[in-house]
Amino acid sequence: MTADRPLRLLAVTGGHRLDLDAFTDMLAAICAERGWAFAHAVQPAAQDWLGPEHRGLFDAVLCHDVPGLSLRRGTAPEPVGPSPSVARRLADLLRGGQGFVFLHHALAGWPGWPGWADVLGGRYHYAPAELHGTRWPDSGFRYADYTARVIHPGHPVCAGIEDFGLSDELYSCPVFESDIVGLLRAVAPPGPFRETFHEVLGTPRQGAPWQHPPASDLIAWAKAAGASPIVYIQPGDGPATFATAMYRRLIGNAVAWVSSPDAHAWAAHHPTEVVLPSDRRDPARRDPA
């Protein structure tokens, strides 16, 4: 972004159901208010735009997608890729400093790539899997009316954000709290989570009841990946959330921040390694700067 042109945003969707009209209406309203321009790409073709040769073409990439996962009702969720070239291009883009904002089910992306969980700061598991040497059950979800509470009012992503109500989906999944800067927490009434694997498979669970470690209540955070500023925002299940004024401001703030010189300077001073799928080193054992 420069003084002589508007901020340019690439929105990426695909791999999971999404009310695309409501989502793009939200983006259009945010961009109209802030004088930005956006383009839209759908996975898997969107990967053509996510390589180091396109760094600088877009000031920020906003992902509401689930790449690398085959999801069909009645069939077990199956990781697909990434190919070595796709992983290398994404890693090089992050090492080059491309700002990203990830929304909602993007936390489940590239389940066959352990290092991608470190890019986002957590991982939603559609099926039981090993991550950082720990065997995790499939993740859980539930719908709730809750309050999104600001816990870092001094961060630019939270500028002008007050605690606000949402009716959205909450997750029970690994969140790497020691590697992230928390921005919002969910204040929600207690309630049971539903397990994901058998929900997708459409079959009742056999044997012992599903259990998962206690869920983190963090629902928005910032971090660095490579030299790139990253924001993850968990809410984003559907039209009611997309139409919420405070949520739209949150998305706009996140896009503006990951595009800013301050965010890039912060990420450059907090670099983290992007570990490719073929790299056997355990990213959980790195020493974050």
Side-chain angles (χ1 to χ4, degrees), residues 9-12 43 46-47 49-68 81-82 84-124 131-132 152 155-157 173-183 216 218-234 254-279 281-289:
L9 171 66
L10 175 65
V12 178
Q43 294 285 14
Q47 290 301 144
W49 296 99
L50 301 179
E53 71 276 19
H54 295 304
R55 182 181 177 272
L57 181 60
F58 296 100
D59 301 290
V61 179
L62 175 70
C63 295
H64 200 314
D65 61 343
V66 184
S85 63
V86 165
R88 185 170 56 253
R89 282 167 51 77
L90 282 167
D92 287 346
L93 185 61
L94 290 163
R95 291 164 182 158
Q98 175 66 64
F100 276 87
V101 178
F102 295 96
L103 301 180
H104 198 51
H105 48 236
L107 200 63
W110 296 123
W113 181 1
W116 192 249
D118 293 281
V119 170
L120 273 74
R123 162 65 51 78
Y124 189 95
L131 183 61
H132 293 174
H152 197 333
H155 197 283
V157 174
C173 65
V175 174
F176 309 144
E177 293 200 18
S178 63
D179 296 337
I180 61 182
V181 178
L183 302 175
S216 171
L218 282 174
I219 55 170
W221 57 77
K223 66 181 303 295
S228 298
I230 303 293
V231 171
Y232 172 74
I233 297 171
Q234 187 187 105
V255 169
W257 182 70
V258 303
S259 305
S260 70
D262 285 348
H264 285 273
W266 177 84
H269 283 88
H270 298 80
T272 60
E273 188 176 7
V274 181
V275 180
L276 293 169
S278 58
D279 192 332
R281 289 170 293 172
D282 185 352
R285 297 182 180 178
R286 72 191 188 285
D287 183 17

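Quick caveat: nothing in here was measured; it's all calculated off a predicted structure.
Rounded to the nearest 0.5 Å, atoms OG (Ser228) and CZ (Arg55) are 7.5 Å apart. Interatomic distance, Leu120 CG to Ile230 CD1, rounded to the nearest 0.5 Å: 7.0 Å. Put simply, CG on Leu90 and CZ on Phe100 are 6.5 Å apart, with the number rounded to the nearest 0.5 Å. The distance from atom CG of Asp59 to atom OG of Ser260, rounded to the nearest 0.5 Å, is 10.5 Å. Between the CD1 atom of Ile180 and the CG atom of Leu218 there is a distance of 5.0 Å, given to the nearest 0.5 Å. Here Phe102 contributes atom CZ and Trp116 contributes atom CH2; the two are 4.5 Å apart, rounded to the nearest 0.5 Å.
Legend: residues meeting side chain to side chain contact (heavy atoms under 4.5 Å, CB included) with Pro52, ordered by chain and number and at least two apart, are Arg89, Asp92.
Between Pro271 and His269, the closest heavy-atom pair is CD-C, 3.3 Å. Scanning all heavy atoms of the two residues, the minimum distance from Gly97 to Pro229 falls at O-CD, 4.1 Å. When all heavy atoms of His152 and Gly182 are compared, the closest pair comes out as CB-O, 3.4 Å. Here the shortest heavy-atom pairing between Val274 and Val119 reads CG1-CG2, 4.3 Å. Taking both residues in full, the closest heavy atoms of Asp179 and Lys223 are given as O-CB, 3.9 Å, listed atom of the first, atom of the second, then distance. Among all heavy-atom pairs drawn from Arg123 and Cys173, the shortest one is O-CB, 3.4 Å.
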Check residues 106-115 and write down every donor-acceptor pair under 3.5 Å in which the side-chain atom is one partner and the other belongs to a residue at least two apart or another chain.
unit_1: Trp113; atom_1: NE1; unit_2: Val275; atom_2: O; d: 2.6

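Residues His155 and Trp257 bring their aromatic ring centres within 6.0 Å.
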Pair Leu103, Asp65 - check side-chain contact (heavy atoms from CB on, under 4.5 Å), show working.
CA-CA 8 Å; Leu103 301 180; Asp65 61 343; over 6 Å; no
side-chain contact (heavy atoms from CB on, under 4.5 Å) evaluation trace for Val12 with His64
CA-CA 6 Å; Val12 178; His64 200 314; over 6 Å; no
Is there a side-chain contact (heavy atoms from CB on, under 4.5 Å) between Leu57 and Trp49? Walk through the geometry before answering.
CA-CA 9 Å; Leu57 181 60; Trp49 296 99; 3.5 Å; yes
For Leu62 and Leu9, what are the C-alpha separation, side-chain angles and deciding distance, and is it a side-chain contact (heavy atoms from CB on, under 4.5 Å)?
CA-CA 7 Å; Leu62 175 70; Leu9 171 66; 3.8 Å; yes
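With a 4.5 Å cut-off on side-chain heavy atoms, Pro82 and Pro67 do not count as touching. Using a 4.5 Å cut-off on side-chain heavy atoms (C-beta onward), Trp221 and Val175 make contact.
Within the 3.5 Å criterion, the main-chain N or O of Val258 finds a donor-acceptor partner in the side chain of His264. A donor-acceptor pair under 3.5 Å is absent between the side-chain atoms of Tyr124 and the main chain of His104, judged by distance alone.
His132 and Asp118 form a side-chain donor-acceptor contact under 3.5 Å, judged by distance and modelled atom types alone.
Shown here is Trp266, whose CH2 atom has more than 12 heavy atoms of other residues, nucleotides or ligands within 6.0 Å.
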